[in-house]
Structure formats: C-alpha cells, structure tokens
Protein chains: 2
Amino acid sequence: MTEFDNFFKSAFTVDNVIFGFDEGDLKVLLIKRGEAPYMGQWALPGYFVYPNEDLDAAANRVLEELTGLRNVYLEQVKTFGAVDRHPFGRVITVAYFSLVKISDYRLQPASIARKAQWHPVAQISELAFDHAEILQTCFQRLKNSVQWRPIGFELLPPQFTLTELQHLYEAILETELDKRNFRKKILSMGLLLDLDQIQEGVAHRPAKLYRFDREKYLRFQAEGFHFELKEGKRKEARQRKKMLEEAWG
Amino acid sequence: MTEFDNFFKSAFTVDNVIFGFDEGDLKVLLIKRGEAPYMGQWALPGYFVYPNEDLDAAANRVLEELTGLRNVYLEQVKTFGAVDRHPFGRVITVAYFSLVKISDYRLQPASIARKAQWHPVAQISELAFDHAEILQTCFQRLKNSVQWRPIGFELLPPQFTLTELQHLYEAILETELDKRNFRKKILSMGLLLDLDQIQEGVAHRPAKLYRFDREKYLRFQAEGFHFELKEGKRKEARQRKKMLEEAWG
DNA sequence: TTGCGCTGGTGTAAAATACACACTAATTTC
DNA sequence: GAAATTAGTGTGTATTTTACACCAGCGCAA
C-alpha cells in the first residue's frame with residue numbers, strides 16, 4: 001500500500017442534518033459547541049471520518065452516538081469544500097440528512113449528546129461554520145425527496161392519522177394542502193394499511209389510524225410504480241402570479 | 001492555524017463525467033490509464049484537489065486541462081468514499097458531471113489529453129476503480145436534471161434544429177418522444193429564438209435553426225417560471241405495464 | 001423536368017388529471 | 001343535550017397529456 005503525498009491530503013468530516021417532526025413542526029437536532037472555533041454557537045452534529053470507515057458508516061455513527069438510533073433513513077446530499085470554510089484548516093465535509101421519529105429518540109449518554117437540542121427549522125438563524133448553508137441545502141433536498149419517495153413516514157410514529165401525515169407534508173413543503181385532495185391521492189396509492197383502530201384520548205371525533213405498508217411499496221416499486229405526492233405546479237404558478245400582481249398593484 | 005492530526009486526513013480527488021453529444025449518441029470522455037493501478041483500462045478523468053483549491057475549482061481545472069474549455073456546465077453529483085475503492089490507499093472522490101459541446105472541444109496538448117477518447121455511454125462496460133458506478137450515478141442525475149433545467153442546450157452547438165434537440169433528449173432519456181408533442185411543448189415555453197435561418201447542405205427539406213434564449217430564461221425564472229420537459233409518467237407507466245403483460249403472456 | 005427519397009412541419013379530439021369547494025359524522029366536555 | 005372540535009367524504013370544471021397521419025420542401029438522379 002502506497003501512501004499518497006501529504007500534499008494531497010485533507011481532513012474530512014461528515015455533517016448530519018437530523019430531521020424530526022414534533023408538535024406540527026419540522027425540527028433539526030443541533031449541538032451547542034463546547035470548543036473553538038465557534039464556541040457556544042449551535043452547529044450540525046458531525047465528526048471526522050475514520051480512515052477505515054465508509055462515508056455512510058461515518059454518518060450513521062454520528063447519528064447513533066447522538067440519538068441511539070440505527071437503521072434510520074439517511075441520504076447523502078452534497079459535499080462542501082470551500083477552502084476557508086473551517087478557520088483552522090482545510091476541512092471538506094460531506095453533508096447528509098436523516099429522518100428520525102422523535103418518539104424513538106432518547107437522549108444518549110455520550111457527552112456530545114448532552115448539548116443537543118431540537119430546533120424548529122423555521123427558527124434557525126445563525127449556525128457555526130457554513131452550517132446554515134448546509135442546512136438549507138439539505139432542507140431543499142428533503143422537500144424534493146419527500147415528493148418522490150415515501151420517506152415522510154420515517155418522521156412519524158408507526159401508526160398515524162391522515163391529518164398528521166398531511167401536517168407533516170405541509171411542514172416540509174411549507175405550504176397548505178387541500179384536505180380532500182390529499183387524502184384522495186395518498187389513499188389511492190394503496191400504500192397505507194388501514195389498522196381498523198382509532199385514536200384514543202382526543203376531545204373530538206377520533207381519526208382512523210394507518211400504517212405505511214413498506215412491503216407493498218417494494219412490490220409496487222418492482223413493477224415500476226412511482227410514488228408521487230406533490231403540489232401541482234398549476235397552483236404554484238397561480239400563487240406566484242397573484243403575488244406578483246399584488247406587488248405591482 | 002492548527003493542523004489536524006494526520007490520522008483524520010485522507011487523499012481527496014474529483015472525478016468528472018464529461019458528457020458530449022455527437023452523431024446522435026450521448027458520449028463520455030474517458031482516459032486510458034498509463035499507470036498502476038488499472039493500467040491500460042479506461043477511467044474517468046480526475047485528479048487530486050489542491051489544498052488551496054475549492055472543490056468546484058478542482059473539477060473545472062480537470063475539465064480545462066483536458067478539453068481547453070471554460071465556463072462549462074458543471075454539477076456536483078455525489079461523493080464516493082468506500083474504504084477500499086482505491087487499491088493503494090484511502091481516496092475519497094467527489095463526482096461531477098459536465099456538459100460540453102463536442103464541436104468546441106479541441107484536443108489539448110496536456111499529456112493526459114492524448115489518451116482521451118469519446119465513448120458512447122451505452123457501450124461502456126468496464127472502467128477502472130468504481131468509475132462504472134460513478135458514471136451510472138452521474139448519468140441518472142443527468143437524466144433527471146435535463147428534465148427540470150434547460151441544460152440540454154449545453155450539449156448542442158449554439159444553433160440547432162428541433163429534430164436535433166429532440167434526438168438529444170431521446171439519447172439522454174433513453175426513450176422515444178413524439179415529434180409533434182415535443183415541438184409543441186418546447187416552443188410553447190418561448191425559450192427558443194427563431195433565427196430565421198435554415199440548415200444548409202442537407203439532402204432534404206432544410207430545418208429551421210433555433211438558439212436557446214438564455215436571457216429570456218433568466219427573466220422568466222425570476223418570475224417563478226419552471227422549465228419542465230419530461231415524458232409523462234402516464235405513458236411510462238403504460239409502457240411498463242404493457243411490457244410486464246407481454247413478459248407474462 | 002420529373003419523380004423519388006428524405007426529413008420538416010403541422011392540429012385535433014379523447015382521456016386523464018388537477019383543482020376547487022362545503023357539508024355531515026363522531027366524539028368529548030361542560 | 002348543546003357546544004366545540006376534528007374526521008371524513010364526492011363532484012363538476014379546467015387543464016394537461018396523449019395518440020395519431022398527412023402534406024411540404026429540398027436535393028438528387030434518371
């Protein structure tokens with residue numbers, strides 16, 4: 001095994017945007033930095049990639065140390081490698097996002113985890129390094145992915161109501177959806193299993209509970225089925241047009 | 001400036017899938033390796049990222065050394081970091097693809113370029129390292145990107161006929177498109193400038209020449225216009241269904 | 001100069017889909 | 001048992017997508 005000249009080497013890390021969904025809000029798990037640089041500021045959880053560790057493995061490790069969760073949805077998004085993105089030297093980072101059920105999440109004993117906290121995506125302003133940019137990029141990617149793959153369920157408990165699912169989509173897509181159309185669309189895909197159970201302990205008509213039928217999805221997928229759940233461009237276009245017209249009087 | 005422990009460092013490269021379009025085929029520029037490992041095999045052009053060089057800059061450098069072209073469409077796709085992807089040590093690589101007009105391409109004097117050659121995507125089988133996987137990933141990404149952004153024009157000469165454009169899309173999407181519908185759709189976007197010129201030197205009725213109107217696109221984009229040029233999923237689904245039915249008789 | 005070969009160019013009708021929209025049903029709480 | 005709250009449901013219309021076939025214009029060769 002030949003060693004490459006040190007000249008060509010650089011430090012590299014993974015950073016993980018861990019999304020959760022709670023109280024109707026899309027949230028991200030951030031860590032308060034306890035050391036320079038950016039001491040005291042919030043940052044994305046991340047760490048160096050070990051020399052004998054695959055990239056995805058590193059991202060999973062960061063995730064597990066922090067949340068105790070394994071087998072979580074994880075998607076590589078983009079690599080950020082601006083020369084000056086780290087004040088102490090050249091550090092290239094591979095950004096991932098992952099989707100966790102906050103209900104499954106347990107604070108881990110690892111010292112790093114004690115400084116972790118969920119933040120609503122909408123309220124995050126400043127972050128250490130270029131992490132604000134990374135977060136935005138990952139959020140965009142999530143917005144996109146969720147419309148083409150049935151990954152939204154990763155953020156909900158195993159059983160959920162259609163209204164919860166709709167609220168999840170509304171939070172991610174930052175838009176409002178029509179209830180009847182949403183239900184029609186999602187049910188017509190045949191990927192939701194009606195559990196013949198209803199909500200308990202709510203002060204109103206209880207909703208039916210559903211489960212995502214992953215096996216069925218995999219079967220459908222093999223037959224060329226495409227999941228698609230998105231706001232039509234027609235509506236979007238009209239909204240934009242309206243806004244422009246209002247802006248110009 | 002603190003140095004990170006060498007333990008966390010590793011070699012870092014960019015690999016570039018350079019797409020071109022010629023004779024109705026989508027092609028990729030490959031290099032015949034002149035050294036170990038994989039000596040004599042075809043590989044994607046790539047090189048180490050210099051310590052003081054942004055990632056995108058490195059990808060552009062590789063591209064320019066090889067083709068002499070600047071200001072070319074370039075898109076970061078994915079980072080490949082399996083521990084054993086390079087037999088001589090840990091090398092993480094960021095994959096890009098770029099789109100060049102083969103007509104602009106001139107063989108460069110750089111020694112590396114002398115071993116370069118265009119290969120039709122469809123006919124590439126084995127490549128050095130994990131480059132076959134990288135190529136496939138980039139090809140998928142191109143397929144996707146081309147439907148949502150007007151980047152196909154980057155592969156054509158500045159002036160082109162609608163038939164050429166259609167053939168380009170057919171080559172990338174690996175499908176056939178309906179002539180009338182294609183023309184209707186692309187013209188209705190209003191992004192093509194009719195040059196009031198016609199083909200010369202063809203042994204049949206000459207076609208009108210068009211140019212992509214980038215300025216107009218940018219203006220439209222600011223108003224929320226979305227480029228979209230894709231095979232409908234309905235047709236796809238039907239085709240797949242038909243194929244399945246035939247397969248099962 | 002005529003006819004053949006080739007590619008360019010065009011419209012319409014039918015089907016599928018996206019959209020907007022409002023009331024009744026079931027449950028808890030007071 | 002009335003009030004409050006959320007669940008659940010169907011239809012008509014606008015728009016988009018799809019399928020489909022013929023005539024036009026040019027070069028070339030007979």
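Numbered from 1 within each chain, the chains take letters A, B, ... in sequence-line order.
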Whether A/Asp130 side chain and A/Glu133 backbone form a donor-acceptor pair below 3.5 Å:
no
Would you jot down, in residue-number order, the residues of residues 188-200 of chain B having a non-hydrogen atom under 4.0 Å from DNA chain D?
none
Using only heavy-atom distances, decide whether a donor-acceptor pair under 3.5 angstrom links the side-chain of A/Lys185 to the base of C/dT17.
no
With the side chain defined as heavy atoms from C-beta on, A/Asp178 is closest, among D/dA7, C/dT7, C/dC21, to C/dC21
Candidate nucleotides D/dT5, C/dT29, C/dG11, ranked by approach to the side chain of B/Arg180 - the nearest
C/dG11
Does the cation-pi check pass for B/Lys143 over B/Phe139, that is, NZ or CZ under 6.0 Å from the six-membered ring centre and within 45° of its axis?
yes
Under 4.0 angstrom between A/Thr163 side-chain N/O and D/dA7 OP1 or OP2:
yes
Is any side-chain N or O of B/Arg205 under 3.5 Å from a base N or O of C/dC6, one able to act as donor and the other as acceptor?
no
Say whether, by atom type as modelled, one donor and one acceptor occur between the side chain of B/Arg141 and the main chain of B/Gln76 under 3.5 angstrom.
yes
C/dG9, C/dA20, D/dC26: which one has an atom nearest the side-chain heavy atoms of A/Lys184?
C/dA20
Atom CZ of B/Phe182 and atom C1' of D/dT18 are separated, to the nearest Å, by 16 Å
Between B/His167 (side chain) and B/Gly24 (backbone), is there a donor-acceptor pair under 3.5 Å?
no
Shortest side-chain distance from B/Asn181, nucleotide among D/dC26, D/dA7, D/dA19
D/dA19
Of the candidates D/dG27, D/dC26, D/dT5, the side chain of B/Ala203 sits closest to D/dG27
Begin from the C-alpha positions of A/Phe153 and A/Leu192 and carry the test side chain to side chain contact (heavy atoms under 4.5 Å, CB included) through to its verdict.
CA-CA 10 Å; A/Phe153 308 104; A/Leu192 295 188; 3.7 Å; yes
Would you call B/Arg214-B/Glu154 a salt bridge at under 4.0 Å N-O?
yes
Suppose we call a contact any N or O donor and acceptor under 3.5 Å apart; does that hold for the side chain of A/Lys179 and the base of D/dG8?
yes
Pick the nucleotide of DNA chain D nearest each of A/Ala207 and B/Gly201; which residue has the one closer to the 5' end?
A/Ala207
Could you please name the option among D/dT6, C/dG9, D/dT9 that lies closest to any side-chain atom of A/Arg183?
D/dT9
Relative to each other, are the rings of B/Tyr217 and B/Phe212 parallel, tilted or perpendicular (30° and 60° limits)?
tilted
